[in-house]
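Note that these values count all heavy atoms, side chains included, but never hydrogens, waters or copies made by symmetry. Note that this is a predicted model, so its numbers are computed, not measured. Atoms within each ligand, like the ligands themselves, are counted from 1 in listed order.
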Amino acid sequence: MFELKKQVRPNIWELEPYSCARDEFKGEASVYLDANENPFDLPFNRYPDPLQKNLKSEIKKIKGIKCRNTFLGNGSDEAIDLLYRIFCEPQKDNVVAITPTYGMYKVCADINNVEYRNVLLDENFQIKADALLERTDENTRIIWLCSPNNPTGNLLNPLEIEKILKNFSGIVVIDEAYIDFADSESWSKRLSEFPNMVILQTLSKAWGCAGLRLGIAYASEAIIGLFNKVKYPYNVNDSSQKIAAETLRQYGIFKERRDTIIDEREKLKSNLLNLPFVRHIYPSDANFILVKVDNANATYQYLVKDGIIVRNRNSVVLCENSLRITIGTPKENEILLDTLKKMPY
Ligand SMILES: *Cc1c(COP(=O)(O)O)cnc(C)c1O
């Protein structure tokens with residue numbers, strides 16, 4: 001059984017958070033003399049909204065999740081780090097994750113001095129719930145899942161995910177950074193079923209706002225409360241909040257570009273398969289494809305020489321001789337393809 005208090009570090013459970021000026025007075029006023037701000041230098045003289053209420057309500061209009069189940073951070077990377085700081089006692093607790101997956105889960109574990117346990121995906125890059133559960137013990141606080149997974153591009157089997165959610169008494173994180181490209185519902189729709197589930201999403205990929213740094217976590221109100229206690233008071237700056245809110249109001253542009261990227265992904269895939277040195281392209285529900293070639297290092301170097309940068313995943317377990325290629329504009333994808341066609345083979 002999941003019992004939140006047992007999973008949280010005692011110092012965090014007891015933490016009395018910093019109370020900023022904007023926490024202590026929440027109404028509307030005409031004269032603000034409470035935060036030692038500069039009264040001139042508009043429009044950035046004021047501290048931003050610590051709980052990003054406007055932006056959250058724009059996100060709610062699109063994603064349909066209540067603001068009180070939503071945390072916003074300086075990229076999902078902030079949420080990843082906060083999860084360690086909330087749940088994992090350094091040098092005592094551990095986490096379990098799949099491999100290969102997004103590198104930040106491991107880096108943040110190392111920074112926080114938390115043991116990181118790997119479980120290898122199968123040959124189809126799928127998970128087995130039992131294999132992950134077997135690696136847990138009484139000090140396991142988090143299981144990290146990423147679906148669609150990076151760098152493999154595939155969705156993880158929902159039945160296995162559900163089994164993990166039901167049978168693990170700690171936190172299960174499902175990173176859905178690429179969910180907007182996927183032909184599948186977000187797990188955030190099932191928040192009320194699973195009090196131990198944390199969903200991560202981001203405005204960095206399909207929403208085209210990587211430079212603004214805006215990550216989203218969806219979880220129970222109790223877990224969101226812990227995020228809010230531990231985060232920096234003003235963790236998302238005012239210009240990011242405003243520009244992101246404006247971007248979210250332009251759903252038509254988002255949808256058109258997202259659909260173009262998906263079309264281009266399928267087109268690039270079939271074109272690449274005609275090249276003699278392309279051995280396999282893995283199924284992708286994301287805005288990138290993992291491509292197995294005869295010689296990833298040589299292909300990577302050849303592309304670099306022509307000013308085209310892809311991600312060489314040759315040294316990643318199960319991704320030997322594989323390149324991760326982000327889907328670009330139609331023009332960029334054409335340049336990539338033309339350049340590869342000319343590669344000496
Ligand atoms: C790109 C990516 C993110 C996004 O991180 P941000 O800090 O929000 O830019 C998160 N998780 C995965 C798996 C990613 O690939």
Side-chain angles (χ1 to χ4, degrees), residues 52 55-56 59 62-63 70-85 95-109 111-112 116 118 121 125 127 142-156 161 171-182 184 186-188 197-219 227 231-232 235-237 239-241 243-244 247-248 254 258 261 265 282 284-290 309-313 316-319 322-328:
Q52 309 100 16
L55 178 53
K56 280 180 189 165
I59 293 174
I62 286 161
K63 302 281 186 176
T70 306
F71 162 82
L72 298 181
N74 187 352
S76 340
D77 291 345
E78 180 183 359
I80 293 168
D81 187 55
L82 285 173
L83 283 159
Y84 282 104
R85 291 163 64 201
V95 301
V96 170
I98 55 176
T99 196
T101 194
Y102 185 48
M104 279 305 285
Y105 316 139
K106 167 82 163 64
V107 172
C108 283
I111 291 169
N112 287 288
Y116 184 88
N118 277 310
L121 294 172
F125 296 138
I127 49 168
I142 300 174
I143 294 179
W144 292 97
L145 301 174
C146 184
S147 181
N149 189 30
N150 178 3
T152 60
N154 60 300
L155 285 159
L156 300 179
I161 294 182
I171 298 291
V172 179
V173 180
I174 307 173
D175 186 341
E176 295 185 332
Y178 300 96
I179 194 69
D180 294 306
F181 299 105
S184 156
S186 167
W187 283 87
S188 58
M197 181 169 75
V198 176
I199 306 299
L200 300 182
Q201 293 187 1
T202 179
L203 299 189
S204 294
K205 305 286 159 60
W207 281 96
C209 295
L212 296 181
R213 310 306 303 127
L214 268 162
I216 306 169
Y218 295 120
F227 272 104
K231 78 183 186 75
Y232 291 152
N235 61 325
V236 179
N237 73 67
S239 64
S240 287
Q241 290 189 39
I243 300 168
T247 305
L248 287 157
F254 156 82
R258 191 260 322 264
I261 291 169
R265 177 183 75 202
Y282 296 92
S284 171
D285 267 288
N287 66 333
F288 59 85
I289 46 177
L290 189 69
I309 314 303
V310 298
R311 198 86 193 265
N312 185 358
R313 300 283 77 186
V316 174
V317 229
L318 300 183
C319 299
S322 299
L323 301 172
R324 193 194 70 189
I325 303 178
T326 306
I327 309 304

Could you list which atoms of ligand 1 come closer than 4.0 Å to a heavy atom of [X]?
X	result
Tyr178	1 (C), 14 (C), 15 (O)
Arg213	6 (P), 7 (O), 9 (O)
Cys146	13 (C)
Asp77	5 (O), 7 (O)
Ser204	6 (P), 8 (O), 9 (O)

- Using a 4.0 Å heavy-atom threshold (strictly under), name the region of Asn150 that reaches ligand 1: side chain, backbone, both or neither. side chain

- Which segment of Ser76 sits under 4.0 Å of ligand 1 when only heavy atoms are counted: both

- Item | Donor-acceptor contact below 3.5 Å, side chain Arg265 vs main chain Ala286 | yes

- Task: Determine whether the side chains of Arg213 and Asn237 contain a donor N or O and an acceptor N or O closer than 3.5 Å.
- Result: no

- Query: Would Asp175 and Tyr105 count as having a side-chain donor-acceptor pair, cut-off 3.5 Å?
  - Reply: yes

- Query: When only distance counts, is Lys205 in polar contact with ligand 1, meaning an N/O pair under 3.5 Å?
  - Reply: yes

- Apply the side chain to side chain contact (heavy atoms under 4.5 Å, CB included) test between Phe125 and each candidate in Ile98, Leu318, Asn149; give the one that qualifies. Leu318

